[in-house]
Amino acid sequence: MAQEGQLSADSLAVLEQLVPVAAKARRVFVFTGAGVSAESGIPTFRDAQTGLWAKYDPVMLASIDGFRKDPANVWKWYDERRQTMSRCQPNPGHHAITDWQGLLKGLDGRLDLATQNIDDLHRIAGTEELIELHGNIWEVRPLGSEFQEAFRLMDCPLSEHPPRHIDGSTLRPNVVWFGEMLDEAVLNHAFQCAMKADLALSIGTSSLVYPAAALPFVAREHGATLVEINPERTELTAAADYVLQEPSALALPALVAGIRRICG
Ligand code: BJW
């Protein structure tokens with residue numbers, strides 16, 4: 001468990017105000033991005049374009065046009081990321097969210113988690129009913145097919161780029177690329193959860209990629225108290241009621257420990 005003493009004096013002051021408010025909330029909506037997995041060793045989406053990949057436009061690596069032009073190259077990037085992710089474990093931030101979800105369940109409350117991450121770490125940490133807005137890197141589906149046709153492909157590394165279906169057709173990662181629609185049912189469910197929340201947290205996301213980035217704003221518009229956890233300021237920071245400018249693996253365990261001290 002993270003030590004509260006490692007948090008800045010400013011953050012401790014924010015926590016002192018926030019903990020009693022968070023402990024009263026019974027309907028919590030958590031929205032996460034790549035930063036929540038940074039301390040597990042997974043580069044954030046922007047970091048994942050550094051080094052060898054810096055010369056590529058993210059839209060070429062994460063778009064259907066880029067994939068159609070060079071599926072082998074896009075798959076090479078995903079295969080490298082799969083290999084990195086296969087070595088990573090959930091960090092104290094992921095576990096704190098699961099712990100809070102369990103605590104709320106016992107209090108007739110509810111915590112819904114919508115993640116933009118494709119890395120599976122929230123699920124491995126035990127969070128239930130996870131809403132995966134941008135898909136999952138361990139799933140594939142035939143090019144041109146729908147989300148519902150996805151299946152798990154755990155081979156790591158892959159034996160060929162691109163991997164092929166049993167009928168020889170090209171498989172694509174079951175993720176949402178730029179210019180593609182998110183699964184409508186998944187997105188609607190996330191908006192419903194955001195609208196019902198009395199407390200919403202946006203954690204480890206640059207808050208730049210829409211429509212997902214609208215979720216915390218919508219929660220706020222529907223009356224939720226809004227918390228942001230991110231070492232950097234983002235487009236959301238000015239709209240947040242409480243801002244913890246800290247890594248999530250440090251701030252989340254401290255927040256949930258404070259809530260547990262009140263709620264038991
Ligand atoms: C820490 C930390 C620590 C570090 N602790 N924090 C309105 C205006 C303009 C454009 C658009 C618009 N609405 C829609 C668009 C287009 C586009 C879009 O939003 N573009 C923006 C760039 C402007 N959106 C789309 O195309 C979406 N589809 C869509 O809108 O469909 C309708 C449509 C159809 C046809 C034409 C046009 C529209 C789909 C978006 C899909 C996004 N997909 C990706 C790739 C997924 C697969 C993969 O990973 O390979 O999803 S892109 C990428 O961004 C990925 C992420 O999930 C997503 C968000 O990134 P995230 O999580 O915020 O990561 P980073 O790296 O940006 O930030 C990390 C943060 O962590 C930083 O803030 C750090 O400070 C912080 N951090 N360490 C806590 N220890």
Side-chain angles (χ1 to χ4, degrees), residues 1-2 27-45 47-48 62 78-106 109-141 146-158 163 171-177 182-194 197 200-205 209 212 215-216 229 247-249 251-253 255-256:
M1 173 145 324
R27 187 88 203 215
V28 175
F29 176 70
V30 178
F31 172 61
T32 63
V36 89
S37 297
E39 283 140 309
S40 293
I42 299 179
T44 63
F45 184 77
D47 289 343
Y78 278 94
D79 201 10
E80 276 187 19
R81 292 170 69 203
R82 283 163 60 108
Q83 288 172 58
T84 303
M85 288 174 190
S86 71
R87 294 188 288 269
C88 295
Q89 293 299 320
N91 66 53
H94 297 102
H95 290 300
I97 296 170
T98 306
D99 184 25
W100 195 1
Q101 187 180 53
L103 176 67
L104 279 169
K105 216 171 163 182
R110 186 177 174 88
L111 182 150
D112 292 296
L113 171 53
T115 188
Q116 298 168 91
N117 298 346
I118 58 172
D119 60 27
D120 237 9
L121 291 190
H122 285 301
R123 184 174 290 111
I124 296 169
T127 296
E128 292 173 1
E129 297 181 57
L130 179 61
I131 305 168
E132 289 178 312
L133 295 161
H134 292 163
N136 187 300
I137 200 167
W138 296 105
E139 293 176 3
V140 295
R141 66 178 201 263
E146 303 296 321
F147 294 108
Q148 292 73 16
E149 289 178 55
F151 58 93
R152 285 221 155 204
L153 179 69
M154 301 303 286
D155 305 9
C156 187
L158 291 161
L171 292 169
R172 58 161 287 174
N174 189 39
V175 299
V176 183
W177 283 325
L182 282 68
D183 184 304
E184 206 182 328
V186 171
L187 187 63
N188 285 344
H189 178 46
F191 273 105
Q192 289 300 319
C193 294
L201 295 92
S202 174
I203 308 170
T205 173
V209 177
L215 286 162
I229 302 178
S248 48
L252 274 167
L255 173 60
V256 176

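Model, not experiment: these values are computed from the prediction. In this chain, numbering begins with 1 at the start of the sequence shown. Worth knowing before you read on, the calculation uses all heavy atoms, side chains too, and leaves out hydrogens, waters and symmetry mates.
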Spatial distance of atom [atom1] ([X]) from atom [atom2] ([Y]) [nearest 0.5 Å]:
X      : Y      : atom1 : atom2 : result
Tyr78  : Met85  : OH    : CE    : 9.0 Å
Ser86  : Asp119 : OG    : CG    : 12.0 Å
Ile131 : Leu187 : CD1   : CG    : 10.0 Å
Leu158 : Asp79  : CG    : CG    : 4.0 Å
Asp183 : Leu133 : CG    : CG    : 10.0 Å

* Asked: With sequence neighbours left out, what residues match Thr205 under side chain to side chain donor-acceptor pair (under 3.5 Å)?
  -> Gln116

* Residues forming a side chain to side chain donor-acceptor pair (under 3.5 Å) with Asn117, sequence neighbours excluded -> none

Less than 4.5 Å apart, any side-chain heavy atom of [X] and any of [Y]?
X      : Y      : result
Thr127 : Thr115 : no
Asp112 : Val30  : no
Leu153 : Glu139 : no
Trp100 : Val28  : yes
Trp138 : Pro173 : no
Val209 : His134 : yes
Thr84  : Pro43  : yes
Thr32  : Ile97  : yes

Could you tell me which non-hydrogen atom of [X] sits nearest to which non-hydrogen atom of [Y], and how far apart they are?
X      : Y      : value
Asn91  : Gly93  : OD1-N, 2.7 Å
Pro253 : Ser248 : CD-O, 3.6 Å
Ala251 : Ile229 : CB-CG2, 3.8 Å
Val176 : Gly135 : CG2-N, 4.4 Å
Leu215 : Ala194 : O-CB, 3.8 Å
Cys193 : Phe29  : CB-CD1, 3.8 Å

* Main-chain N/O of Gln89 paired with Ser40 side-chain donor or acceptor, under 3.5 Å -> yes

* Asked: Given His95 and Leu252, is the side-chain contact (heavy atoms from CB on, under 4.5 Å) satisfied, shown in steps?
  -> CA-CA 9 Å; His95 290 300; Leu252 274 167; over 6 Å; no

* **Steps toward side-chain hydrogen bond (donor to acceptor under 3.5 Å, both in side chains) verdict (Asn174, Asn136)** => CA-CA 6 Å; Asn174 189 39; Asn136 187 300; over 6 Å; no

* Is it the case that more than 12 heavy atoms not belonging to Gln148 sit under 6.0 Å from its CD atom? ->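 Count over threshold, so yes.
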
* Asked: Taking NZ, NE, NH1 and NH2 as the nitrogens, is one of them in Asp155 or Arg82 under 4.0 Å from a carboxylate oxygen of the other?
  ->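 Not counted as a salt bridge, because no side-chain N and carboxylate O are separated by less than 4.0 Å.
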
* To do: Please determine if Arg152 and Asp120 form a salt bridge, counting it only when a charged side-chain N lies under 4.0 Å from a carboxylate O.
  => yes

* Asked: So His122 and His94, would you call those rings parallel, tilted or perpendicular, with 30° and 60° as cut-offs?
  -> perpendicular

* Go through Ile42 and Leu121 one step at a time and tell me if the side-chain contact (heavy atoms from CB on, under 4.5 Å) criterion holds. => CA-CA 10 Å; Ile42 299 179; Leu121 291 190; 3.7 Å; yes

* Can the positive tip of Arg141 be found less than 6.0 Å from the middle of the six-membered ring of Phe151, inside 45° of the ring normal? ->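 Ring-cation test returns no.
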
* To do: Among residues two or more places apart or on two chains, list those pairs meeting salt bridge (Lys or Arg N to Asp or Glu O under 4.0 Å) that have a residue in residues 127-137.
  => Lys105-Glu128, Arg110-Glu129, Arg123-Glu132

